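The block underneath contains the structure these notes are about, expressed in structure tokens.
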Amino acid sequence: MSNKIVFEKDKRLSDSYVWQYQRDYFDRSGIDAWVKDVPHYATSNPFLAACYARMVVRLAQDWARKYPESKKHPFYIIELGTGSGQLSFYVLKNIKRLKKELGIEDLDICYLMTDFTESNLKYWEQHSALKPFLDENRLDFAIFDMERDSTFILKNRGTEISPGSIVNPICVFANYIFDTVQNDAFFSKNGELFDSLITLTTTDDNIVDGKLVELKKAQMSYTMGKIQGQRFEDPYFDAVLDRYRTKLKRSHFLFPTAGLRTIANLKRLNDGKLFLVSTDKGNSTIGELESMGDLFFDHHGSFSLMVNFHVIASYFEESGGKAILQTERDGVTTHAFCAGFDMDELPEFALAVRENVERLSPGDYFVLHRNMRENHEQFATETLVAHLAFAQWDPHIYRRFSKQFSAPAKKMGRRTESYLLSHLPDIAANFYYMPRQYDVFFDLGFLLHSLQKHEEALKYYLLSQQYFGGSFNVFYNLAICYRKSGHKDEAIAAFERALEINPDFAEAEKFMRYLKKGD
Ligand SMILES: C[S@@+](CC[C@H](N)C(=O)[O-])C[C@H]1O[C@@H](n2cnc3c(N)ncnc32)[C@H](O)[C@@H]1O
């Protein structure tokens, strides 16, 4: 028999144990968080990366045009709560390409991947896809804990970044993070504001060594705690909070406390010039906040909440900045915020923000992606190839369509085929290894193989072997392609490797005998 226990009672949400639970989860899981539980495609895909890169490159370009002296100093992009590094990789690739195409390779744009846990940093350090950017000094890593840190040290440059050490505007990427770190919760009722104080109740078998085994098994309830006097140490936070006393008639709302503290801390690193962009599930209008109902925790190993972008916008407005909020959408939305400079004096940048936040945004892409993912079997191959191009030749998308491309019954038109084949190298180059990742190289090789392009197929089968160690199918297909393209010794060696894995496969045995006889 298990007994009910009050695990914690009447805590401000930001002081609650739930955030320690969240930290423990990410610290313990490291890269496995994305393999097992935490959804991440919506916030770290190549389409989104291209949108973000277009905005920051235009900011650096416009800024350097307006203030030529700024070219002597780096433009830093700081990614908060980076996680796997997949977004960083795609943004870095896009920045490199855009700088070249725009003729601004002299601008020093340095991308900083940050996270609170060493386990993620160690993963990035040994990642082969990130190494070229490190070698070219375009990338650096830092431990930055949004709940504790206000300065950080660049792992490779060895520089400490502290107040005043940055000259140019700082770009900050904050995807799927404002709900991961401490939030407060408030209740507004008839012109009065209350802290929504949280009580966690659970059964004793859900507690081990003073920690909850599973947060989702705990019941959460709230009581109203009257707010007296100053609630926050930062007067801007109190001013923001006070706005909701009258704006909301009767609702709970979240307040991204650690997120706002981080923004305030980052603004101190230069003289307050900052561009922030964030994509997440969230609320950005009073109407949405009013219809939010109870505070909702979405559990998937860690937990997530709805980010209150309206509060973040209020903070920027209150402290002299500006918010460019995307209009409401179902699903994730993207929002941009500026402080310390006037966006409208940087026309290319201002246009890029409007284009990528409101006109065709990462959220719109994700809605289309979901529809394609669920219904791709209905579409002709030219539609699938067009979607792949739209998705920036994303291996994750190719994987979904790959059977349709290589199925003999689905003959591709000549132009579509040649268009797709010319971009296979881009799909391969967009591969970012994560544990238990899908082997897209095999599929790319298989497409070329099934089109009788044996020599070209070899390259992808070899990449499959390099990243995934080689299965029977990889060695067998390698052997066939070597044989068809006249590499007899390599074909024998590959048949031998295939037979080591599956000694009973008579076909491989037969082929090898022919080859050895000189056939
Ligand atoms: C939900 S994941 C999002 C990862 C990535 N931004 C994305 O969109 O897929 C949250 C990330 O924040 C990191 N994190 C958790 N607590 C943090 C903190 N206090 N400071 C900085 N990062 C934190 C986790 O390690 C994890 O990488």
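This is a predicted model, so every value here is computed, not measured. Note that ligands are numbered from 1 as they come in the structure, with each ligand's atoms numbered from 1 the same way.
In summary, the atoms of ligand 1 found under 4.0 Å from a heavy atom of Met146, numbered by their order in the structure, are 18 (C), 19 (N), 20 (N), 21 (C). Ligand 1 places these atoms under 4.0 Å from at least one heavy atom of Asp145: 18 (C), 19 (N), 20 (N). Distances below 4.0 Å separate heavy atoms of Arg23 from the following atoms of ligand 1: 19 (N).
Proximity of Thr180 to ligand 1, defined as any heavy-atom pair under 4.0 Å, is confined to the side chain (atoms from C-beta onward). At a 4.0 Å heavy-atom cut-off, ligand 1 touches Thr82 through the backbone alone.
Of the listed options Phe26, Tyr41, Phe116, Phe116 places a heavy atom closest to atom 16 (N) of ligand 1. Closest heavy-atom approach to atom 27 (O) of ligand 1 among the candidates Asp149, Thr117, Asp115: Asp115. For the residues Ser119, Gly81, Gly301, the heavy atom positioned nearest atom 6 (N) of ligand 1 is part of Gly81.
Between Phe152 and Phe144, the distance separating the two ring centers is shorter than 6.0 angstrom.
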Donor-acceptor pairs under 3.5 angstrom involving side-chain atoms of residues 214-222: please list them, not counting sequence neighbours.
residue: Glu214; atom: OE2; partner: Lys217; partner atom: NZ; Å: 3.1
residue: Gln219; atom: OE1; partner: Lys4; partner atom: NZ; Å: 3.0

Please set out all donor-acceptor pairs under 3.5 angstrom arising from side-chain atoms of residues 367-374, sequence neighbours excluded.
residue: Asn371; atom: OD1; partner: Asn375; partner atom: ND2; Å: 2.5

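At least one heavy atom of Phe144 sits less than 4.0 Å from an atom of ligand 1. The shortest heavy-atom distance from Trp19 to ligand 1 is not under 4.0 Å.
A salt bridge links Asp298 to Lys281: one of the charged nitrogens lies within less than 4.0 Å of a carboxylate oxygen.
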